[in-house]
Novice: 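This is the structure, below, for whatever I ask next.
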2 protein chains.
Amino acid sequence: MSENKTTLTDAVHDLLRKAIIEQALKPGMRLPEDTVGEQFGVSRTIVRHALVRLEHEGLVVTRRNRGAFVAEPSRDEAQHVFEVRRCLENDVIRILCERMPPSGYDRLEAHVRQEEAVKGKDGPVSIRLAGEFHVLLAELTGNPVLTRYVSEIVLRCSLIMSLYARSHSSDCAVDEHSQIIDAIRAGDAPRAIEIMEHHLGAVAGRAEFSAPPDSIQFILSHYGKELAQ
Amino acid sequence: MSENKTTLTDAVHDLLRKAIIEQALKPGMRLPEDTVGEQFGVSRTIVRHALVRLEHEGLVVTRRNRGAFVAEPSRDEAQHVFEVRRCLENDVIRILCERMPPSGYDRLEAHVRQEEAVKGKDGPVSIRLAGEFHVLLAELTGNPVLTRYVSEIVLRCSLIMSLYARSHSSDCAVDEHSQIIDAIRAGDAPRAIEIMEHHLGAVAGRAEFSAPPDSIQFILSHYGKELAQ
DNA sequence: CGCAACAGGATTGTATCCAATTGACGGGCA
DNA sequence: TGCCCGTCAATTGGATACAATCCTGTTGCG
């Protein structure tokens, strides 16, 4: 490894997280410690620390003496995550309607312009930007704790969408982002919340009832629940 | 160690967390890996894993090549934590007003009775129960993600209170807990939220303007700001 | 007398090593 | 033929060893 600016654990942690949300590592995929370590040129110790963090963030799950896997949230879990996301983002809006920092709108509008620029190309960049808009909103509250929770939740939502949605293309409608900005600027919290609810509801809804026809787990989930322990 | 039911890391993690919120380990105190490991009869590896988690939970901070310390949240940080707590607990109330599980009120009232039982004795039990009431509220939403965030935040608040409040005695007024239950039962979300805001606001407010007279950092913060680099 | 460079000790960051648990495969038995 | 149990490989859980970094006390020089 080249840069020592941060600790190796941080680097591996970031890399793995990025790989997961970019779907390079698909949900359910195994993450053997020595394989990962070998790949990045670090020892198992480092990988383990990174995996501990990722587990805490809900992006991987570990089973005792079995190893780590990319998280594969159930539909229930997904719904819980989305519920918390709605709560947190509504809280963000309420706070922003009361205290938006001076440069806030400029930064938001710049971000939206950036989103529009890559609107056509449905690449990972579009997905990343869509998530970052929501994180930016949280950042503007000036509350790092809130920002952190929102970031975590948004990441988990990305993972969930990659599992259950058919396509990411219309993941976040850019014009809705603009509408939210406008509502906040007008200090109209209820309207901003309404738009946000619709915005997230559409995303969650699209994911929820799109059944993965080729998922073994889904097909078997109605049979022999007790055998699956 | 005797029991292998869970992993050693979990055990150390729990023990340290308990020690921190019970103020056995005071904020700012160093946590050398060797010392802790020696004390619990485990290796540094384990302690390290536990510390990583605790850092993620905001209960300890680690500085590169300096080691881990029990977190010593600044006033700003404290305010941020309390803001998020208000947000989360209000969300909990909104959810509970819509869907309270059947046995919910029984469990809540049983808890309040327990609190009243130890009301007089101002021990660690009282502190723990006060926190657990709020966690119980979160649990009743049936949303594990939300529950986890609330637990984390409540723990951090305990740490903050131990830093900034003069006394824990009237930490959580038990009758306010009862009022909150009543308001939720009536389905009156605004009132429940109002009480909760008052409840938490009182706690935060009490903490905010109580200056810690023995804090070196605080005393020196007004002198020679430029020398402290 | 004060400041800066240096050496020593202590502590963390990382790698390697051993042990324990798990899942799988294959042979034996009903 | 089908189920059960023993052995084995694979992988993680945990401990120790080595290297790098930082703090601190001391010493030398201006």
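So you know, we letter chains A, B, ... as the sequences are listed, proteins then strands, and number each from 1.
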Novice: For a quick test of reading the model: is some side-chain N or O of Thr45(A) closer than 4.0 Å to OP1 or OP2 of dG13(D)?
Specialist: no
Novice: Extract all donor-acceptor atom pairs below 3.5 Å that involve side chains of residues 14-21 of chain A and protein atoms in other chains or at least two apart in sequence.
Specialist:
| from | atom 1 | to | atom 2 | distance (Å) |
| --- | --- | --- | --- | --- |
| Asp14(A) | OD1 | Arg17(A) | NH2 | 3.1 |

Novice: Enumerate the protein-to-nucleotides 9-12 of chain D contacts in which both atoms are nitrogen or oxygen and the separation is below 3.5 Å.
Specialist:
| from | atom 1 | to | atom 2 | distance (Å) |
| --- | --- | --- | --- | --- |
| dT12(D) | OP1 | Glu33(A) | N | 3.2 |

Novice: Phosphate oxygens OP1/OP2 of dG14(D): is one of them under 4.0 Å from a side-chain N or O of Thr9(B)?
Specialist: yes
Novice: What pairs of residues pass the ring pair (Phe, Tyr, Trp, His ring centres under 6.0 Å) test when at least one of them lies in residues 7-31 of chain B, not counting sequence neighbours?
Specialist: none
Novice: With sequence neighbours excluded, tell me which residues meet side chain to side chain donor-acceptor pair (under 3.5 Å) with Thr147(B).
Specialist: none
Novice: How many Å lie between NE2 on His49(B) and P on dT12(C), as a whole number?
Specialist: 15 Å
Novice: Please enumerate all residues that pass ring-ring contact (aromatic ring centres under 6.0 Å, His included) together with His80(A), with sequence neighbours excluded.
Specialist: none
Novice: Please state how far atom CD in Glu38(A) lies from atom P in dT16(C), giving the value in whole angstrom units.
Specialist: 11 Å
Novice: Kindly list each side-chain donor-acceptor pair under 3.5 angstrom involving residues 28-41 of chain A, sequence neighbours excluded, with atom names and distances?
Specialist:
| from | atom 1 | to | atom 2 | distance (Å) |
| --- | --- | --- | --- | --- |
| Arg30(A) | NH2 | Arg66(A) | O | 3.3 |
| Glu33(A) | OE1 | Arg44(A) | NE | 3.1 |
| Glu33(A) | OE1 | Arg44(A) | NH2 | 3.1 |

Novice: Begin with the C-alpha distance, continue with both residues' side-chain angles, and end with the deciding distance and a verdict on salt bridge (Lys or Arg N to Asp or Glu O under 4.0 Å) for Glu152(A) and Arg156(A).
Specialist: CA-CA 6 Å; Glu152(A) 263 186 37; Arg156(A) 289 179 78 169; 5.7 Å; no
